[in-house]
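Atoms considered below: every heavy atom in the structure, side chains included; atoms not considered: hydrogens, waters and symmetry mates. Sequence positions, counted from 1, serve as the residue numbers for this chain. Quick caveat, the model's predicted, so the values are computed rather than measured.
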Amino acid sequence: MRRRVFLVAGIVLVGLVLAVALVSLFWTPFPAADTTGGRLEGPGVHHLLGTDKLGRDLLTRLMIGARIAVAVGVGAVALGAVLGGVAGLLAAFANRWLDDTLAALLDILIAFPTLLLAMLVVAARGASLASAIVAIGLAMSAIVARLTRVLAKRVLAMDYVTAARTSGVSWPRIVVAHVLPNIWPTLAVNLALQFGLAVLAEASLSYLGLGPPPPNASWGRLLQEAQSTVLTAPVGAVAPGVLLVVLVVGVNLLADGLRDVADPTRRGHR
């Protein structure tokens with residue numbers, strides 16, 4: 001029951017942020033670049049959460065930040081899953097020499113700090129939303145590749161897979177019929193966790209000025225802009241931080257619940 005509550009809580013928290021991101025595609029209280037509000041106004045009737053130091057509506061910028069967070073999370077996870085999944089499967093099917101070489105390269109990439117690698121990619125490509133997605137996705141792909149390699153090699157060692165290989169079943173069919181169905185539950189949980197890490201990485205890049213440029217309103221950029229006025233207008237600093245916590249905690253609760261659903265031994269044990 002406790003695990004079920006965690007799963008529902010994760011779905012609710014992530015669903016709220018996703019709903020805000022979807023609504024921001026069609027409607028926001030004010031245009032993103034509207035500066036008609038007073039500087040650093042407190043919450044009120046016209047501006048529910050107040051305004052920033054340029055007079056822009058804070059609720060509008062938070063909604064746009066939710067859209068950016070979701071876009072970066074989904075894009076980076078998709079890119080990391082494709083690149084990492086393909087690399088991991090190739091390593092699992094490769095001969096021993098090539099497998100050991102790929103495993104060593106993956107260990108080196110994983111040991112390299114994710115944020116530093118993302119900063120190098122963004123610095124080379126220029127600060128933009130696409131650069132943030134590519135940078136975080138590339139950094140994430142090494143983790144996905146190593147996990148895919150380990151899981152795929154475990155499946156390939158099974159007797160029924162050996163029987164399929166000796167009977168002449170092609171490699172692509174073995175992957176589709178035997179490998180992917182057995183590794184996707186664990187991969188799905190890991191990718192859900194990577195989503196939260198991608199959101200935090202994008203917020204860190206934006207805080208350092210390497211995220212999507214203005215007028216984009218990333219939560220990390222909002223935190224950076226509000227740090228000088230945190231005492232006079234605390235909502236501007238607290239609100240994006242709270243939303244980051246809500247999304248990351250929700251994703252972690254969702255991943256934990258998915259792990260229990262995907263692993264029947266854990267369900268039975270609990």
Inset, instruction - For the residue pair L7 and L254, establish whether any side-chain heavy-atom pair is separated by less than 4.5 Å. - result: yes
Inset, instruction - Flag the pair V14 / F195 as yes when at least one side-chain heavy-atom distance between them is below 4.5 Å, and no otherwise. - result: no
Legend entry - Note: E225-R61 ion pair, threshold 4.0 Å (strictly below): yes
Inset, instruction - Inspect the contact between D107 and R146 and indicate whether a charged nitrogen and a carboxylate oxygen are less than 4.0 angstrom apart. - result: yes
Legend entry - CG on D52 to CG on L222, rounded to 0.5 Å: 8.0 Å
Inset, instruction - Verify the distance criterion only: is there a donor paired with an acceptor across the side chains of S24 and R67 at less than 3.5 Å? - result: yes
Inset, instruction - Search all heavy atoms of I183 against all heavy atoms of T148 and return the closest pair with its distance. - result: CD1-CG2, 4.2 Å
Inset, instruction - State plainly whether one hydrophobic cluster holds both L22 and L13, where clusters connect Ile, Leu, Val, Met, Phe, Trp and Tyr through side-chain heavy atoms under 4.5 angstrom apart. - result: no
Inset, instruction - Taking the side chain as every heavy atom from C-beta outward, state whether P29 and H47 have any atom pair closer than 4.5 Å. - result: no
Legend entry - Beyond-backbone contact of L48 with P43, side-chain heavy atoms, under 4.5 angstrom: no
Inset, instruction - Find out if a path of hydrophobic residues (ILVMFWY) with successive side-chain heavy-atom gaps under 4.5 Å connects F30 to L49. - result: no
Inset, instruction - Taking all non-hydrogen atoms of both residues into account, name the closest pair between A9 and L253 and its distance. - result: CB-CD1, 4.1 Å
Legend entry - Cluster link L200 to V134, ILVMFWY, side chain under 4.5 Å: no
Inset, instruction - Give a yes or no on whether V249 and V20 share a hydrophobic cluster (residues Ile, Leu, Val, Met, Phe, Trp, Tyr; joining criterion: side-chain heavy atoms under 4.5 Å apart). - result: yes
Inset, instruction - List the steps and the verdict of side-chain contact (heavy atoms from CB on, under 4.5 Å) for V72 and V199. - result: CA-CA 7 Å; V72 171; V199 171; over 6 Å; no
Inset, instruction - Mind listing the closest non-hydrogen atom pair of A145 and L106 along with its distance? - result: CB-CD2, 3.7 Å
Inset, instruction - Report yes if some heavy atom in the side chain of T51 is under 4.5 Å from a heavy atom in the side chain of L58; otherwise report no. - result: no
Legend entry - Side-chain donor or acceptor of T162 paired with backbone N/O of M158 under 3.5 Å: yes
Legend entry - Side-chain heavy atoms of L247 within contact of L243, under 4.5 Å: no
Legend entry - Distance in Å, L191 CG paired with L147 CG, rounded so as to fall on 0.5 Å steps: 8.5 Å
Inset, instruction - Could you check I133, I64, L129 and say which one makes a side chain to side chain contact (heavy atoms under 4.5 Å, CB included) with P212? - result: L129
Inset, instruction - Work out which heavy atom in L223 is nearest to a heavy atom in P240; give both atom names and the distance. - result: CD2-CG, 3.7 Å
Inset, instruction - Classify the side-chain pair S128/S131 by whether it contains a donor and acceptor separated by less than 3.5 Å. - result: yes
Legend entry - Joint cluster assignment, L102 & V155, ILVMFWY side-chain distance < 4.5 Å: no
Inset, instruction - Taking all non-hydrogen atoms of both residues into account, name the closest pair between L83 and S141 and its distance. - result: CB-CB, 3.9 Å
Inset, instruction - Rounded to the nearest 0.5 Å, what's the gap from CG on L187 to CG on L180? Could you check? - result: 8.5 Å
Inset, instruction - Go through the steps to decide whether I110 and I143 satisfy the test side-chain contact (heavy atoms from CB on, under 4.5 Å), and finish with yes or no. - result: CA-CA 6 Å; I110 292 173; I143 300 174; 4.2 Å; yes
Inset, instruction - Could you tell me how the ring of H178 sits relative to the ring of Y160: parallel (under 30°), tilted (30 to 60°) or perpendicular (over 60°)? - result: tilted
Legend entry - Any donor-acceptor N or O pair under 3.5 Å, side chains E202, S218: yes
Inset, instruction - Could you check if a side-chain atom of D34 sits within less than 4.5 angstrom of a side-chain atom of D57, using non-hydrogen atoms only? - result: no
Legend entry - Chi angles and distances behind the side-chain contact (heavy atoms from CB on, under 4.5 Å) call for N190, V144: CA-CA 8 Å; N190 181 263; V144 178; 4.2 Å; yes
Inset, instruction - Check the pair L156 / F93 against side-chain contact (heavy atoms from CB on, under 4.5 Å), numbers first and verdict last. - result: CA-CA 9 Å; L156 292 175; F93 281 96; 3.8 Å; yes
Legend entry - Check: L62 main-chain N/O paired with W219 side-chain donor or acceptor under 3.5 Å: yes
Legend entry - Shortest non-hydrogen separation from R56 to A32 and the atoms involved: CD-O, 3.8 Å
Legend entry - Point-to-point distance, once rounded to the nearest 0.5 Å, from CG of L210 to CZ of R221: 9.5 Å
Inset, instruction - Find out whether L54 and R39 are in side-chain contact, i.e. whether some heavy atom of one side chain is under 4.5 Å from a heavy atom of the other. - result: no
